[in-house]
Amino acid sequence: MRIIRTKDYEDMSKKAADLIASVILLKPNCVLGLATGSSPIGTYKNLVKKYKEGNLDFSQVKSVNLDEYKGLPRDNEQSYYYFMHDNLFSKVNINLDNTHLPNGMELDSNKACEEYDKVIASMNGVDMQLLGLGHDGHIGFNEPNSCFDKTTHCVKLTEMTIEANKRFFASIDDVPREAYTMGIGTIMAAKMVIMVVSGKDKAEILKKAFFGPVTPEVPASILQFHPNFVLVADEDALSLVK
Ligand code: F6R
């Protein structure tokens with residue numbers, strides 16, 4: 001595990017974008033594993049900036065996203081499909097046919113997950129997986145559990161995640177209760193994993209995840225075993241780590 005310590009959210013976003021840009025420069029047809037949430041928004045902004053300045057070309061890049069709410073249509077502003085289009089895909093020259101998210105409108109969970117695993121398998125490996133860190137240690141929607149799930153699966157969101165995500169919806173009742181997520185096995189199979197973490201509210205879980213035991217009770221802790229894991233975190237998030 002390598003840690004890149006940054007001053008604040010802005011600095012974290014710039015450095016994470018630099019790392020992702022280098023992946024694209026080295027392999028123009030790379031497969032990027034992408035995340036949503038507040039943590040990577042600044043990273044996407046910096047990637048868009050690099051593209052607009054003529055320093056980055058997404059024309060051959062392929063992407064697979066970590067997760068999607070079950071039951072939310074793509075045009076719902078809270079769907080991860082909408083998020084990715086709003087924050088990245090509509091602002092760079094990526095070919096939309098090369099971008100993939102689990103199909104939230106497929107209500108047959110087995111079908112949705114099997115189809116997504118086939119898409120991931122057809123990519124021949126994810127070159128870089130971007131992650132955020134949930135307050136309970138979740139990655140994707142892999143919530144604290146008694147075992148690590150390997151492939152794409154349907155999860156019931158925990159009360160903590162529903163509570164954390166309610167800020168994005170009109171009311172807590174509107175927060176979907178289920179989601180499709182890549183499994184821990186798929187995340188661990190990525191050639192490189194970059195996690196962006198910012199803020200004092202993440203300090204405790206960051207310490208637990210990366211300086212405590214590896215356990216499914218803190219799903220992110222498995223990343224300690226990843227051979228090419230880069231944690232890009234700001235001073236606040238690292239404030240409990242010596
Ligand atoms: C997003 C995702 C989630 C978030 C996590 C942190 O695709 O899968 O695991 O990365 O909930 O969210 P933020 O960044 O909003 O604190």
Side-chain angles (χ1 to χ4, degrees), residues 6 8-10 12-13 16-17 20 32-45 63-70 72 74 76-89 99-104 113 116 120 126 128-145 148-149 152-169 175-176 178-184 186-188 190 193-206 208-210 216 218-223 229-234 236-237:
T6 71
D8 52 21
Y9 182 87
E10 297 308 317
M12 173 197 82
S13 303
I20 297 170
L32 301 181
L34 299 175
T36 61
S38 49
S39 308
I41 289 179
T43 306
Y44 294 144
K45 277 202 178 111
S63 73
V64 277
N65 258 78
L66 271 176
D67 43 13
E68 178 60 286
Y69 286 118
K70 178 176 173 181
L72 273 198
R74 288 172 157 195
N76 184 304
E77 285 185 20
Q78 299 310 328
S79 77
Y80 289 170
Y81 180 93
Y82 193 100
F83 175 103
M84 288 311 303
H85 280 256
D86 202 30
N87 286 287
L88 186 67
F89 298 159
T99 65
H100 306 277
L101 286 97
N103 180 4
C113 296
Y116 202 54
I120 296 168
V126 172
M128 186 288 311
Q129 177 66 56
L130 180 63
L131 296 175
L133 176 64
H135 286 103
D136 57 3
H138 70 240
I139 45 177
F141 272 120
N142 291 279
E143 303 275 14
N145 204 339
F148 291 114
D149 283 286
T152 305
H153 54 288
C154 180
V155 283
K156 290 202 181 338
L157 307 194
T158 62
E159 284 310 314
M160 195 177 193
T161 300
I162 292 168
E163 190 60 34
N165 288 1
K166 77 167 186 216
R167 63 199 151 125
F168 301 118
F169 291 85
V175 185
E178 289 183 300
Y180 298 132
T181 182
M182 263 186 198
I184 296 282
T186 307
I187 293 171
M188 287 297 282
V193 177
I194 298 173
M195 176 181 271
V196 280
V197 192
S198 165
K200 276 225 153 48
D201 58 312
K202 295 276 175 81
E204 206 171 310
I205 190 64
L206 184 152
K208 247 190 183 171
F210 305 120
V218 184
S221 64
I222 188 85
L223 294 165
F229 170 49
V230 186
L231 175 65
V232 188
D234 68 10
D236 281 347

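Counting convention: from 1, in listed order, for ligands and their atoms alike.
In this structure, of A35, G37, S39, the residue bringing a heavy atom nearest to atom 14 (O) of ligand 1 is S39. Residue nearest to atom 9 (O) of ligand 1, selected from G140, P40, S38: G140 (by heavy-atom distance). The heavy atom nearest to atom 6 (C) of ligand 1, considering only N65, T181, L133, is found in L133. The option with the heavy atom closest to atom 7 (O) of ligand 1, from among T36, D201, D136, is T36.
Take D236 and apply the salt bridge (Lys or Arg N to Asp or Glu O under 4.0 Å) test, not counting sequence neighbours, and it matches K200. In terms of the salt bridge (Lys or Arg N to Asp or Glu O under 4.0 Å) criterion, residue partners of K70 (sequence neighbours excluded) are, by chain and number, E178.
Between C154 and C113, the shortest heavy-atom distance links the atoms N-SG, 3.8 Å. The two residues T186 and M182 have their closest heavy-atom pair at CG2-SD, 3.9 Å. When every heavy atom of L130 is checked against every heavy atom of P40, the shortest pair comes out as CD2-CB, 3.9 Å. Closest of all the heavy-atom pairs between M195 and G132 is CE-O, 3.5 Å.
Residue R167 places a heavy atom under 4.0 Å from ligand 1.
Classification of the H138-F141 ring pair by plane angle, with boundaries at 30° and 60°, yields tilted. Classified by interplanar angle (parallel below 30°, tilted 30° to 60°, perpendicular above 60°), the ring pair Y44/F83 is perpendicular.
Using a 4.0 Å cut-off to heavy atoms of L66, the atoms of ligand 1 that qualify are 8 (O). Each of the atoms 1 (C), 2 (C), 7 (O), 8 (O) of ligand 1 lies under 4.0 Å from some heavy atom of D67. Of all the atoms in ligand 1, the ones that sit under 4.0 Å from a non-hydrogen atom of K202 are 13 (P), 16 (O).
Any N or O atom pair closer than 3.5 Å counts here, and I139 shares no such pair with ligand 1.
Looking only at heavy atoms of the protein, atom 5 (C) of ligand 1 is closest to H138 NE2, 3.4 Å. Protein heavy atom in closest approach to atom 10 (O) of ligand 1: G132 CA, 3.3 Å.
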